[in-house]
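Shown next, in structure tokens, is the structure this report addresses.
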Amino acid sequence: APTPVLVDEMTADRPALRLSDPSSTVQIVRHAVERVEGAAGDAEHVTLSIPPGQSAALAFPLPEAMVLDELKLEAVAWCNRPGMSLAAVIELPRSRDPATGRPRRLMVRSEALAKGGAWERLELQDVPQLRERQARIARATYGPDIDEQGAYVSQLVLLVPGGIGPTEAWVDQVALY
């Protein structure tokens with residue numbers, strides 16, 4: 001089995017996850033690193049208010065990881081709702097967003113959805129193929145100046161589904177392979 005380049009057990013004094021696209025409709029109600037009931041160790045716990053039909057993007061910053069065939073991201077997580085999934089933000093350093101002057105970003109997502117109500121290992125693989133698919137969509141939207149050369153992953157993202165009442169998400173580990 002491959003050895004991870006980065007493993008974070010989510011036990012730091014301060015939470016590491018951040019809302020990647022804060023909006024007026026998605027709010028963090030509570031956010032802390034806490035002991036997991038019935039398990040040994042701590043995990044990051046986020047209570048969110050997310051309207052039905054929407055989702056929150058909780059981002060974990062990563063060191064620059066080139067988009068290669070063997071690249072894999074993992075998270076061990078729990079959510080009280082079905083439908084949580086793993087995604088990644090890919091930076092395109094050779095393509096600039098004219099509005100910000102910063103590199104364009106693509107978000108690629110795993111098609112696998114968590115069942116909810118139990119600890120699950122979420123994985124994101126085949127990142128080069130997912131990047132190519134999103135780059136085609138970006139070209140159709142923004143024009144032909146989307147250059148994938150030098151693309152790297154900058155964030156692991158948990159897409160947390162909304163619903164009536166609070167959404168509870170726990171993250172015990174993130175890993176980059």
Does one hydrophobic cluster hold both L158 and V36, with members joined at side-chain heavy-atom distances below 4.5 Å?
->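 No, because L158 and V36 fall into different hydrophobic clusters, even though each may have its own neighbours under 4.5 Å.
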Could you list the residues that satisfy salt bridge (Lys or Arg N to Asp or Glu O under 4.0 Å) with [X], not counting sequence neighbours?
X: E132; answer: none
X: D147; answer: R94
X: E148; answer: R131, R139
X: R136; answer: none

Quick one: which residue pairs count as a salt bridge (Lys or Arg N to Asp or Glu O under 4.0 Å) with a foot in residues 9-21, not counting sequence neighbours?
->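 Counting only pairs at least two positions apart or across chains, no salt bridge (Lys or Arg N to Asp or Glu O under 4.0 Å) contact touches residues 9-21.
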side-chain hydrogen bond (donor to acceptor under 3.5 Å, both in side chains) with Q125: which residues, sequence neighbours excluded?
->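 Counting only residues at least two positions away or on another chain, Q125 forms a side-chain hydrogen bond (donor to acceptor under 3.5 Å, both in side chains) with E123.
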Using side-chain hydrogen bond (donor to acceptor under 3.5 Å, both in side chains) as the criterion, list what pairs up with S85, not counting sequence neighbours.
->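 By the side-chain hydrogen bond (donor to acceptor under 3.5 Å, both in side chains) rule, S85 matches no residue at all.
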Atom CG in D69, atom CG in D126: separation rounded to 0.5 Å?
-> 8.5 Å
Could I get the full list of side-chain contact (heavy atoms from CB on, under 4.5 Å) partners for R104, not counting sequence neighbours?
->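 R104 satisfies side-chain contact (heavy atoms from CB on, under 4.5 Å) with L92, S95, D97, P98, Y142, I146 once adjacent residues are dropped.
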Residues two or more places apart in sequence or in another chain: which of them pass side-chain contact (heavy atoms from CB on, under 4.5 Å) with S24?
-> none
Would you sort out whether E37 and R35 count as a salt bridge (Lys or Arg N to Asp or Glu O under 4.0 Å), showing the intermediate values?
-> CA-CA 6 Å; E37 284 186 40; R35 176 125 344 253; over 6 Å; no
What donor-acceptor contacts under 3.5 angstrom involve side-chain atoms of residues 46-64, with partners at least two apart or in another chain?
unit_1	atom_1	unit_2	atom_2	d
T47	OG1	E168	OE1	2.8
T47	OG1	E168	OE2	3.3
Q54	OE1	T25	OG1	2.9

In the hydrophobic clustering (ILVMFWY, side-chain contacts below 4.5 Å, transitive), which residues join L159, or is it alone?
->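 Its cluster mates, by chain and number, are V89, M107, V157.
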Check whether any side-chain heavy atom of L124 sits under 4.5 Å from a side-chain heavy atom of L130, and report yes or no.
-> yes
Residues that H45 engages under ring pair (Phe, Tyr, Trp, His ring centres under 6.0 Å), provided they are two or more places apart | W170
